[in-house]
Amino acid sequence: MGITSHKATSKFLLLVICAGVFGWLFDILLLSITCALFGWSVSQLIQFRRLRDWLEQELETDPPDAKGEWGDIFDHLYRIRKIRRNRESELLSVIERFQQFSAALNDAVVIIDQHNNMQWWNLAAERLLGFQNESDLGKPLFNMMRDPNFIRYYQRGNYQEPLLQPSPHDGEIELQYYITEFGQSEKLLVARDITDLMRLEQTRQDFVANASHELRTPLTVIRGYLETFLDQGGLIKPVERAMQQMQQQSDRMQSLVEDLLLLSRLDSTEVAMDEMPVDVSAIVLSVAGSAEQVAEGKKHTINIEIAENIGMMGREKELHSAFSNLVYNAIRYTPDGGTIDIRWTCDANGSCFSVTDNGPGISSIHIDRLTERFYRVDDDRSLHTGGSGLGLAIVKNVLHRHQGTLEIDSTVGVGSCFRCVFPLETLVEL
Ligand code: ADP
């Protein structure tokens, strides 16, 4: 462009000089230069017009023919337009690919801006969440997702666990919501259809609940007869021993059935709005009282520390069963003469129910799996102590329903500490 502008300047100067010489020769200097400048301006205007007309046309059209500096300008602009055209078509094909990919997704995907307005969503979001094309764009998310549970989850800002919730558009569709933050407080909401999975899970839960329920009556009859025979006495020694073992095993079976029923009740009932202020110190005292009876003969020292007048919002029965599972485990696994500390404390972060023992302890390789159903560290030890293998699964489930978490510290040969930690907002003063 530098050479072109030099050439153009030289041409212009040459034109002015020629017009000047011509005018001077014929004594019409002013007229000659004016005419030359006028002619030059008209020719430039014509080229400008051609340029404007060309620029207004479609990108594909060839540039107008021109010589000299205007030819160079047209060629240069043509090259720029061509590069732009290629970039645009590349971008279009990327967008097209992205649209195809997002339309092929079975999961609903929604992009939400920092003001919680809906920026974009895919086809599945229209099907699963009932969003409508164009008309809902830019509207607040809560216009579409009005469920208080969803709003609470969204506003809490803790998205580690997904939310299970029926679709706002069709109550028959069960959805699992995941939220991820990105950019400047923007959010990506993904909703996965898990209706089939939930149905399967429901069938499994129903089966376990029904089977456990059906086992209850025959088991009660068997236990009743065994108790009667053993109470009557007069049995020969080998038969008496066999009967005692049968009684022990039927007791285990009974506690297994009860735990299975409790778990399926916990699984199948919603975390409903039936939370009430619970007097946790009363639970702790009652659990500790029955623990002393269970531990009879083992000569344990049981220490109790209670934060008075501090309770929590929740369901008393569930909390009782979670806390008693931890205390009974400590009693069962701690050898004779051991010490068990039961504490209910609270501080600025929340509250904590903990059970510490100086029993055998648990190796760190087992800790992460302890709350799995039927997971046992040592089968022999558990069989001996009569555990169902479901105790800690029940604890975890109950805590989950009370926004709590289970923390386990344990050292082999030193002892274990199980802590149920609840957030501050669950605390109530009694
Ligand atoms: P179980 O009915 O077998 O006790 P749990 O789910 O209550 O089942 O506990 C899982 C496993 O964790 C137990 O089998 C036991 O090995 C271990 N465990 C639980 N509590 C204690 C404890 N206080 N001390 C040592 N081991 C424990």
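Note that this is a predicted model, so its numbers are computed, not measured. Just so it is clear, the values below take in all heavy atoms, side chains as well, and ignore hydrogens, waters and symmetry mates. All ligand and atom numbering here is 1-based and tracks the order in the structure.
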Output yes when the distance from some N or O of ligand 1 to some N or O of Leu392 is under 3.5 Å, and no in every other case. yes

Return yes or no for this condition: an N or O of Tyr375 is under 3.5 Å from an N or O of ligand 1. no

Test side-chain contact (heavy atoms from CB on, under 4.5 Å) applied to Asn329 and Asp357, Val355, Leu392, Val395, the passing residue: Leu392

Report, in ascending order of atom number, the atoms of ligand 1 lying under 4.0 Å from any heavy atom of [X].
| X | result |
| --- | --- |
| Ser416 | 24 (N) |
| Leu370 | 11 (C), 12 (O) |
| Gly391 | 5 (P), 6 (O), 7 (O) |
| Gly389 | 1 (P), 2 (O), 3 (O), 6 (O), 8 (O) |

Arg332 touching ligand 1 at heavy-atom level, < 4.0 angstrom: yes

Look at ligand 1 and say whether Asn325 reaches it with a heavy atom at a distance under 4.0 Å. no

Give a yes or no on whether the ring-centroid distance for Phe418 and Phe353 is below 6.0 angstrom. no

Relative to atom 27 (C) of ligand 1, which among Asn329, Ile367, Ile362 owns the nearest non-hydrogen atom? Ile362

Hey, is Arg50 close enough to Asp53 for a salt bridge, meaning N to O under 4.0 Å? no

So that I can tick it off, tell me whether Lys299 and Asp336 are bridged by a salt bridge, with the cut-off set at under 4.0 angstrom between side-chain N and carboxylate O. no

Hey, are Asn210 and Glu214 close enough side-chain-wise for a donor-acceptor pair under 3.5 Å? no

Tell me whether Ser416 contacts the main-chain N or O of Ser410 through its side chain, where contact means a donor paired with an acceptor under 3.5 Å. no

Student check: side-chain heavy atoms of Asp196 and Arg199 closer than 4.5 Å: yes

